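First comes the structure, then the notes that go with it.
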Amino acid sequence: MSSNGPDKKNQRRYSSIVVDGNKQAPSRAMLRAVGFSDEDFHRSQVGIASTWSMVTPCNMHIDKLAEEAALGVNEAGGKAVQFNTITVSDGISMGTPGMRYSLVSREVIADSIETVVAGEGFDGFVSIGGCDKNMPACVMAMARLDRPSVFVYGGTIQPGAKRRDIVSVFEAVGGVAGGTVSGDELLEVERTAIPGPGSCGGMYTANTMASAIEALGLSLPNSSAQDAISAQKMDDCRRAGAAVIELLKRDIKPSDIMTRQAFENAITVVIALSGSTNAVLHLLAMAYEAGVELDLDDFTRIGRNVPVLADVRPSGKFAMSELIAIGGIQPLMKRLLARGLLHGDCMTVTGKTLAENLASVEDYPEGQHIIRDFSDPIKKDSHLVVLYGNIAPEGAIAKITGKEGLCFTGSARVFASEEESLQAILDGTVVAGDVLVLRYEGPRGGPGMREMLSPTSAIMGKGLGDQVALITDGRFSGGSHGFVVGHVTPEAAVGGPIALIQDGDSLTIDAEQRTLSVDVPTAELERRRAAWQPPSSDETSGTLRKYAALVSSASEGAVTTKF
């Protein structure tokens, strides 16, 4: 079996090793059984990395999207090969021990895509993600492999009855505890909030990361702003398959796209959209895998000049489906470019620069209220505030839209787990003026760095959103809002100062001065440190033990490949 000729050899850089020549006859024999024809061995092989499963509505439709992407590859002259990887549902595992596996799944997904694409000799691939960790995982694999590839977002869910979504359910639980929601009302919310396929409907982590990846240049324009069940999303998948073949012809790889300037574009768009704090963690991880230097202070530097413009959930009014209806994020990006806030010369998977992609984009319709003008921002600078201080010498991340206030001082109420804190909120132990300290929930201490949507939603549901603050070495769902600070580093499990806080200590979160501090003398903190003992771990085997042994700090993206 000969190759396809010298002019196309480069487009079969990896597959030719697997299928060309007499010695590879066994490989071809195996591939014939899965549907390869003689002609297929001359085509570029393109993997379709699907995250389909019935674990969650975010991913339940992705099998159909993968089929459409494969059709796009085949129609463009390639040979598509579909394969699957896992997902863990944040919304389902939230508040349970299973949530410890959520961030871990990002590493497992990236590892599995890398393993299959490299192991099978695919020349390029399409990756399709739906739930939160799927998306950065797909990009991390794209960066590691550096083969022509395109990311496709599975799309957003439609709102439920009365514009409800998953956060409505979590907050209704708090409402029951607070006496403002009845048991029957909670059941009605539960039954109507999630009407079908697609990722959570606000500017939570899924939609945030889809937008960031589009701004990064790794998705086709508008991929982040399409309903999960729509003709537009099916077309996006088909065009993504064809786009990989074009990238192969032009030898455009992720390393040509994932530049420092492209990451700055992604940060800018996340800020303008009031995106999730998880974007900080994931962008740091994606940049590390791409070999791009990026750190927490880059978010501060960029954020000084970028306003929050999108009035979207969780802190705002509108759902992603409503942003889609007025044009998605492309008009916003064009406005940011015109303002000099984006690097227009960055290459994208269209084979064109960002500026070229945006040239023909029309502005938002007159009268829309979702995206504010620069003259009337929701916040004049970033809502993602990096804090330092004697609690977080290596940094922490707050999501401050301004609606929560800019400074909070209160009395520490310390918990060693999310479950303990949630019970204290629901039973009335937590009162106005408290600063909840949730520790031993970091990447290593959890292990897994759980999201704290259950306690933050309970706080909001009980009407304490402007009276109680929360700090943690864990992280937050994109659906969390209120006066909350996460990613406190170093984490408690490695002896970070958050481990030394005691009930009753006075804590101050100051978003203007960008500080997070405890009003305890240094000598007293050192006395406590001398008495501190690292907690024993329940994880003596398996995935979580391996993760805890390998994972880096949250301030470095919590990656497991940084030895």
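It should be emphasised that the depicted structure is a prediction, and the values quoted were computed from it without experimental measurement. Hydrogens, waters and symmetry mates play no part in the numbers below; they use all other heavy atoms, side chains included.
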Quiz item: Looking only at atom types and distance, does a side-chain atom of Glu214 sit under 3.5 Å from a main-chain N or O of Asn222, one as donor and one as acceptor?
Solution: yes
Quiz item: Is the shortest heavy-atom distance from the side chain of Leu354 to the side chain of Met333 under 4.5 Å?
Solution: yes
Quiz item: Quick one: are Cys131 and Asn134 in side-chain contact, heavy atoms under 4.5 Å?
Solution: yes
Exercise. Flag the pair Glu418 and Arg475 as a salt bridge only when some basic side-chain nitrogen lies within less than 4.0 angstrom of an acidic carboxylate oxygen.
Key: no
Exercise. Flag the pair Thr208 / Val270 as yes when at least one side-chain heavy-atom distance between them is below 4.5 Å, and no otherwise.
Key: yes
Quiz item: Asn59 versus Trp52: any side-chain heavy-atom pair under 4.5 Å?
Solution: no
Quiz item: Are any side-chain N or O atoms of Ser112 and backbone N or O atoms of Val108, one a donor and one an acceptor, separated by less than 3.5 Å?
Solution: yes
Quiz item: Is there a salt bridge (charged side-chain N to carboxylate O under 4.0 Å, His left out) between Asp473 and Arg450 once you walk through the steps?
Solution: CA-CA 9 Å; Asp473 53 7; Arg450 291 192 290 179; over 6 Å; no
Quiz item: If you measure from the Lys or Arg side-chain nitrogens to the Asp or Glu carboxylate oxygens, is any gap between Arg28 and Asp40 under 4.0 Å?
Solution: no
Quiz item: Phe151 versus Leu216: any side-chain heavy-atom pair under 4.5 Å?
Solution: no
Practice problem: Using a 4.5 Å cut-off on heavy atoms from C-beta on, say whether the side chain of Val46 contacts that of Val81. | Solution: no
Practice problem: In plain terms, say whether Arg12 and Asp123 are close enough for a salt bridge, that is, a side-chain N and a carboxylate O under 4.0 Å apart. | Solution: no
Quiz item: Once you round to the nearest 0.5 Å, how far does CD of Glu394 lie from OG of Ser555?
Solution: 5.0 Å
Quiz item: Would you call Lys562 and Glu556 a salt bridge, taking side-chain N to carboxylate O under 4.0 Å as the test?
Solution: yes
Self-check item: Side-chain ion pair, Asp297 and Arg301, N-O less than 4.0 Å
Solution: no
Quiz item: Between Arg106 and Asp132, is there a salt bridge with N-O shorter than 4.0 Å?
Solution: no
Quiz item: Is Asp165 paired with Arg313 through a side-chain N to carboxylate O contact shorter than 4.0 Å?
Solution: yes
Quiz prompt | Lys/Arg N to Asp/Glu carboxylate O, Asp251 vs Lys253, below 4.0 Å | solution = yes
Quiz item: Any side-chain heavy atom of Phe125 sitting closer than 4.5 Å to one from Val150?
Solution: no
Practice problem: Apply salt bridge (charged side-chain N to carboxylate O under 4.0 Å, His left out) to Asp363 and Lys334, showing your working. | Solution: CA-CA 8 Å; Asp363 197 20; Lys334 188 167 185 176; over 6 Å; no
Quiz item: Is it true that a side-chain atom of Glu120 and a backbone atom of Val117 form a donor plus acceptor pair closer than 3.5 Å?
Solution: no
Practice problem: Verify whether the ring centers belonging to Tyr14 and Phe122 lie closer than 6.0 Å. | Solution: no
Quiz item: Does a side-chain N-to-carboxylate-O contact under 4.0 Å join Glu264 and Arg260?
Solution: yes
Quiz item: Under 6.0 Å from the six-membered ring centre of Phe476 and within 45° of its axis: does the NZ or CZ of Lys399 meet both?
Solution: no
